[in-house]
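What follows is a short report on a single structure.
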There are 2 protein chains.
Amino acid sequence: MTAEKALTGLRERKKAQTRAALASAAMRLALERGVENVTADAIAEAADVSPRTFRNYFSGKEEAIVAELVDGMGYIADGLRARPTGEPLWESLRHALTFSAFLPPEQLEQLAVKVRMVMASRALLGSQLAIFERLGEQLTEIIAERTGTDARTDLYPRLTGVVAANALRLTVFMWLESKGESDLAELTADALARLRAGLPEP
Amino acid sequence: MTAEKALTGLRERKKAQTRAALASAAMRLALERGVENVTADAIAEAADVSPRTFRNYFSGKEEAIVAELVDGMGYIADGLRARPTGEPLWESLRHALTFSAFLPPEQLEQLAVKVRMVMASRALLGSQLAIFERLGEQLTEIIAERTGTDARTDLYPRLTGVVAANALRLTVFMWLESKGESDLAELTADALARLRAGLPEP
DNA sequence: GGGAAAAGATGCCGGGACGGCAAACTTTTC
DNA sequence: GAAAAGTTTGCCGTCCCGGCATCTTTTCCC
């Protein structure tokens, strides 16, 4: 249950391909023309499928546009899963959430362009929040597993997961606001440190 | 700039009335028929305005359905504003966010019915998240004011506001999941206490 | 008090979104 | 290799959404 799914069989592979093509086309068109000027039909055409098929994959253009970023969140979750079990949880979270420190600058800039577009679009606010909500759920699951707590009944893993995901969301937001004058990984690490310290008044 | 707006003039009053009528009708219909079976036109009809007018007030049925709850969040912000300035911030937050402890049980149950519907609806997920996002922004503003920090550049007030709002969201969610077997105010207070303590592993 | 001017409400309309259904295909299964 | 299972696509009805023009109501100001 990571970012990748088992791709057994031709059918599965084709579906994944189609989905990826649609998501990619949606993101590209949104960047080129602006979210408002993208239609579901245009995305379908760009991905060489019928408009009707588009609707079999995504419930709307918004979902398609952010699909790549949603999948990207999976890598953060994978990063947390990959941390050694003995490591203190806060350390693991810091490592996983400051992934940007290990990204080639060019790739980070590429990501920034997309995230900026999503975070700036009023129409995508719901989707944007949903992305991080999902990240929170994934973190919750991993945290519950690592700490031997129950995500269904225990406040701890859920609160920690939600708070960590939102800390990242906030620092990404502030990073974009600063227009490159701040370091995302540093900002995120700062936020996590403050959380670990109990959010003392400055 | 509280939950209430100055209602000078007949025009303002009528607008507020129309808006309230639409929001109320939207919520009622959503509860009666389920979110999926409510159309913008039906809401307009129930509120005795033209469908076109409905769209002048709300961008879609989702926004109308949650409008009452959005406004309700304003009262929580007002509650925080009303706390004495000398009080430690965590104390103030606890008081403001555990408002449910001071609500008549009947009124709390009435609220629960609405919140349950909103939180259970897939179609309202985005709106639901946006409600709490807005609460986070309001808390941020108040926290910045109280602590003399700058919400534009300082991580502290924003992080605290966002985290507090999401703590409430999570505890409301868990409270609804428990089907009345837990106390919302206690749950929320517990979450805030954990945050203040730096989210230690249990 | 009365007649603009400003702000709202409404109707009309066209481009899109959404999803059920059935027919045509493709991959899997045996 | 056929039947079974799963996908793609077209068709279509319903609803969403917002611009524009018009008619009404409220406000403003002499």
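Every chain is numbered from 1, with letters handed out A, B, ... down the list of sequences.
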Whole angstrom value for the distance that separates C1' of C:dC18 from CZ of A:Phe54: 11 Å
Between the side chains of B:Asp154 and B:Arg158, is the shortest nitrogen-to-carboxylate-oxygen separation below 4.0 Å, so that they form an ion pair? no
Are there over 12 heavy-atom neighbours, none belonging to A:Arg134, within less than 6.0 Å of that residue's CZ? no
Between D:dC16, D:dC17, D:dT7, spot the one nearest the side chain of B:Ala40, thanks. D:dC16
Do B:Arg52 and C:dG8 share a donor-acceptor pair, side chain to base, under 3.5 Å? no
Between C1' on C:dA9 and CZ on B:Arg19, what's the gap in Å once rounded to a whole number? 17 Å
Given atom CZ of B:Arg13 and atom C1' of C:dA7, what is their separation to the nearest angstrom? 16 Å
Nearest listed nucleotide, side chain of A:Lys61, among D:dT25, C:dA17, D:dG10: C:dA17
Of the candidate nucleotides D:dT25, D:dC15, C:dA9, which contains the atom at the shortest distance from the side chain of B:Thr39? D:dC15
Heavy-atom count around B:Glu137 CD within 6.0 Å, excluding the residue itself: above 12? yes
Can a side chain N or O of A:Tyr57 be found less than 4.0 Å away from OP1 or OP2 on D:dT8? yes
Which nucleotide, D:dG10, D:dC17, C:dA9, lies nearest any side-chain atom of B:Arg55? D:dC17
Under 4.0 Å from OP1 or OP2 of C:dG8: is there any side-chain N or O of B:Lys14 that close? no
Would you say D:dT8 has OP1 or OP2 under 4.0 Å from some side-chain N or O of A:Thr53? no
Between the base of C:dT27 and the side chain of A:Arg11, is there any donor-acceptor pair under 3.5 Å? yes
When all nucleic acid strands are considered with a 4.0 Å heavy-atom cut-off, which category describes A:Phe58: base, sugar-phosphate, or nothing? nothing
In terms of heavy-atom contacts, does CD of A:Glu106 have more than 12 from other residues, nucleotides or ligands at under 6.0 Å? no
To the nearest Å, give me how far apart CD (B:Gln17) and P (D:dT26) are. 11 Å
